[in-house]
Novice: 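Sending over a structure as structure tokens; questions will come in a sec.
Hydrogens, waters and symmetry mates play no part in the numbers below; they use all other heavy atoms, side chains included.
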Amino acid sequence: MIDFTVYRTATGEVVRSGYVGSEDECLSQAFEGESVYVGKARFDQYIADGTPVDMPPKPGEHHVFDWAQRAWLDPRTMEDRRRSLRERVTEHRWEIETGGITLQNGVRVLTGKPDQDRITAVIVNADIAGIDAVDFKADSGWARLTLDELRGVARAIGLHVQACFSAERTHHAAIDQLRTEAETEAYDISAGWPLTHNSIETQ
């Protein structure tokens with residue numbers, strides 16, 4: 001049996017391959033606009049001057065192969081690049097915002113919306129019930145907190161959340177000023193975020 005590879009004549013793009021019993025049968029496999037290479041070529045190759053050539057490595061996830069130029073190209077516009085950066089920043093903000101904080105007293109608390117609501121509910125209910133202190137189950141374990149201390153925890157979480165959104169806004173404004181592909185590639189979305197460990201006072 002003889003291997004054959006059908007490719008687009010204009011670009012060399014491999015479209016299908018197989019094997020048949022004779023060379024004449026190989027050559028009969030092409031349709032209009034196609035040619036046949038007698039032999040086996042891979043789909044990560046193209047045919048140039050009758051010979052399979054390896055495609056160059058893909059530079060990045062957004063690149064697509066331009067068969068006419070036989071090169072990888074990034075089709076994104078500058079606005080596409082800025083939008084992608086803004087989306088990554090927003091995702092990073094959410095991770096930091098909801099990832100929890102460790103207070104200066106060593107207590108670690110979660111900071112997601114359900115956690116914020118739970119602390120608010122405890123404060124309100126304890127105040128109504130006239131309770132001075134509560135057993136609070138933090139992410140780091142049990143803690144006995146006065147109502148004022150619990151209010152301090154709520155304040156610390158509120159400051160943390162607001163700092164996260166402020167950092168996100170600053171990033172978005174900076175990204176809007178980027179004008180070149182090199183600037184978008186070099187932009188560091190990990191800078192400028194609030195600390196989450198032993199950085200926020202509760203009083």
Novice: Measure across Phe31 and Glu34 and return the closest heavy-atom pair with its distance rounded to 0.1 Å.
Specialist: N-OE1, 2.8 Å

Novice: If we ignore hydrogens and angles and just use 3.5 Å, is the side chain of Thr196 paired with the main-chain N or O of Ile101 as donor and acceptor?
Specialist: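 Side chain of Thr196 to backbone of Ile101: no pair is present.
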
Novice: Taking all non-hydrogen atoms of both residues, which atom of Ala41 and which atom of Ile47 are closest, and how far apart?
Specialist: CB-CD1, 3.9 Å

Novice: Hey, could you give me the CG/CG distance between Asp188 and Leu85, rounded to the nearest 0.5 Å?
Specialist: 10.5 Å

Novice: In terms of heavy-atom contacts, does CZ of Arg118 have more than 12 from other residues, nucleotides or ligands at under 6.0 Å?
Specialist: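 Enclosed.
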
Novice: Go through Gln45 and Val53 one step at a time and tell me if the side-chain contact (heavy atoms from CB on, under 4.5 Å) criterion holds.
Specialist: CA-CA 5 Å; Gln45 295 178 313; Val53 177; 5.9 Å; no

Novice: Sub-3.5 Å donor-acceptor pair from the side chain of Thr9 to the main-chain atoms of Gly33, do we have one?
Specialist: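 It does hold such a pair.
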
Novice: What distance separates Arg8 CZ from Glu13 CD, expressed to the nearest 0.5 Å?
Specialist: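 If we round to the nearest 0.5 Å, Arg8:CZ and Glu13:CD are 5.0 Å apart.
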
Novice: Using 0.5 Å steps for rounding, measure from the CD1 atom of Ile175 to the CZ atom of Arg88.
Specialist: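 Going from the CD1 atom of Ile175 to the CZ atom of Arg88 covers 8.5 Å.
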
Novice: In terms of hydrophobic clustering (I, L, V, M, F, W, Y; side-chain heavy atoms under 4.5 Å; direct or indirect links), are Ile96 and Leu110 co-clustered?
Specialist: no

Novice: Kindly check if the number of other-residue, nucleotide or ligand heavy atoms within 6.0 Å of CZ (Phe43) is above 12?
Specialist: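 Check passes, neighbour count above 12.
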
Novice: Please tell me if the side chains of Thr90 and His171 come closer than 4.5 Å, counting only heavy atoms from C-beta onward.
Specialist: no

Novice: Tell me whether Thr5 contacts the main-chain N or O of Gly39 through its side chain, where contact means a donor paired with an acceptor under 3.5 Å.
Specialist: yes

Novice: Taking the side chain as everything from C-beta on, heavy atoms only, tell me whether Lys58 gets closer than 4.5 Å to Phe65.
Specialist: no

Novice: Please round to the nearest 0.5 Å and tell me the distance separating atom CZ of Arg86 and atom CG of Leu178.
Specialist: 9.5 Å

Novice: If we ignore hydrogens and angles and just use 3.5 Å, is the side chain of Ser84 paired with the main-chain N or O of Asp80 as donor and acceptor?
Specialist: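 Judged by distance alone, no pair lies under 3.5 Å.
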
Novice: Would you find a donor on one side and an acceptor on the other, under 3.5 Å apart, between the side chain of Glu185 and the backbone of Glu181?
Specialist: no

Novice: Group every Ile, Leu, Val, Met, Phe, Trp and Tyr by side-chain heavy-atom contacts under 4.5 Å, then state whether Val122 and Leu103 land in the same group.
Specialist: yes

Novice: Is a side-chain N or O of Arg70 found less than 3.5 angstrom from the main chain of Thr11, in a donor-acceptor match?
Specialist: yes

Novice: Would you say the side chain of Trp193 lies within less than 4.5 Å of the side chain of Glu168, judging by non-hydrogen atoms?
Specialist: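 Yes; the side chains approach each other to less than 4.5 Å.
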
Novice: Using a strict cut-off of less than 4.0 Å between a Lys/Arg side-chain nitrogen and an Asp/Glu carboxylate oxygen, indicate whether Glu97 and Lys113 qualify as a salt bridge.
Specialist: no

Novice: If you compare all heavy atoms of Ala154 against all heavy atoms of Ile119, which two are closest, and at what distance to 0.1 Å?
Specialist: CB-CG2, 4.0 Å

Novice: Run the side-chain hydrogen bond (donor to acceptor under 3.5 Å, both in side chains) test on Gln116 and Thr120 for me, step by step, so that the C-alpha distance in whole Å, both residues' side-chain angles and the decisive distance to 0.1 Å come before the verdict.
Specialist: CA-CA 6 Å; Gln116 298 177 49; Thr120 299; over 6 Å; no

Novice: Quick check: do His172 and Arg93 have side-chain heavy atoms less than 4.5 Å from each other?
Specialist: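 His172 does not reach Arg93 side chain to side chain.
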
Novice: Indicate yes or no: at least one non-hydrogen side-chain atom of Val153 is less than 4.5 angstrom from one of Val107.
Specialist: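 No, every pair of side-chain atoms sits at 4.5 Å or beyond.
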
Novice: Considering non-hydrogen atoms only, spot the tightest contact between Glu25 and Gly21 and give its length.
Specialist: OE1-N, 3.3 Å

Novice: Is there a side-chain contact between Leu27 and Val38 in this structure, where contact means two heavy atoms from C-beta onward sitting under 4.5 Å apart?
Specialist: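 Answer yes - side chains close enough.
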
Novice: Applying side chain to side chain donor-acceptor pair (under 3.5 Å) as the test, list every pair that has at least one member in residues 123-135; sequence neighbours left out.
Specialist: Asp135-Arg144

Novice: Minimum heavy-atom separation for Cys26 and Asp3, please, with both atom names.
Specialist: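 Looking at all heavy atoms of both residues, the shortest contact is SG-O, 4.0 Å.
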
Novice: Does Val36 share a hydrophobic cluster with Val20, counting links as ILVMFWY side-chain heavy atoms below 4.5 Å and allowing steps through other members?
Specialist: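 Yes, same cluster.
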
Novice: What heavy-atom pair brings Val109 and Ala138 nearest, and what distance separates the two atoms?
Specialist: CG1-CB, 4.2 Å

Novice: Quick one: do Val15 and Tyr46 end up in the same hydrophobic cluster if we chain Ile, Leu, Val, Met, Phe, Trp and Tyr together by side-chain heavy atoms under 4.5 Å apart?
Specialist: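 As far as the 4.5 Å side-chain criterion goes, Tyr46 and Val15 are not connected within one cluster.
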
Novice: For Glu23, is the CD atom crowded, meaning more than 12 foreign heavy atoms sit under 6.0 Å from it?
Specialist: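 Result for CD/Glu23: open.
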
Novice: Would you call Asp74 and Arg81 a side-chain contact if the rule is heavy atoms closer than 4.5 Å?
Specialist: yes

Novice: Measure the shortest side-chain to side-chain distance between Pro52 and Arg42 over non-hydrogen atoms and say whether it is less than 4.5 angstrom.
Specialist: no

Novice: Are Phe136 and Ile123 connected into the same hydrophobic cluster when the rule is that any two of I, L, V, M, F, W, Y join if their side-chain heavy atoms are below 4.5 Å apart?
Specialist: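 Same cluster: Ile123 reaches Phe136 through Ile, Leu, Val, Met, Phe, Trp or Tyr contacts under 4.5 Å.
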
Novice: Going from CD on Glu87 to CD1 on Ile189, what distance comes out if it is rounded to the nearest 0.5 angstrom?
Specialist: 11.5 Å

Novice: What is the distance from atom SG of Cys164 to atom CD of Glu95, rounded to the nearest 0.5 Å?
Specialist: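 Nearest 0.5 Å value for the SG-CD distance: 11.0 Å.
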
Novice: Between Arg82 and Glu79 (salt bridge meaning N to carboxylate O under 4.0 Å), is one present in this structure?
Specialist: yes

Novice: How would you list, by chain and number, every residue that makes a ring-ring contact (aromatic ring centres under 6.0 Å, His included) with Trp94, sequence neighbours excluded?
Specialist: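 For Trp94, no residue satisfies ring-ring contact (aromatic ring centres under 6.0 Å, His included) once neighbours in sequence are set aside.
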
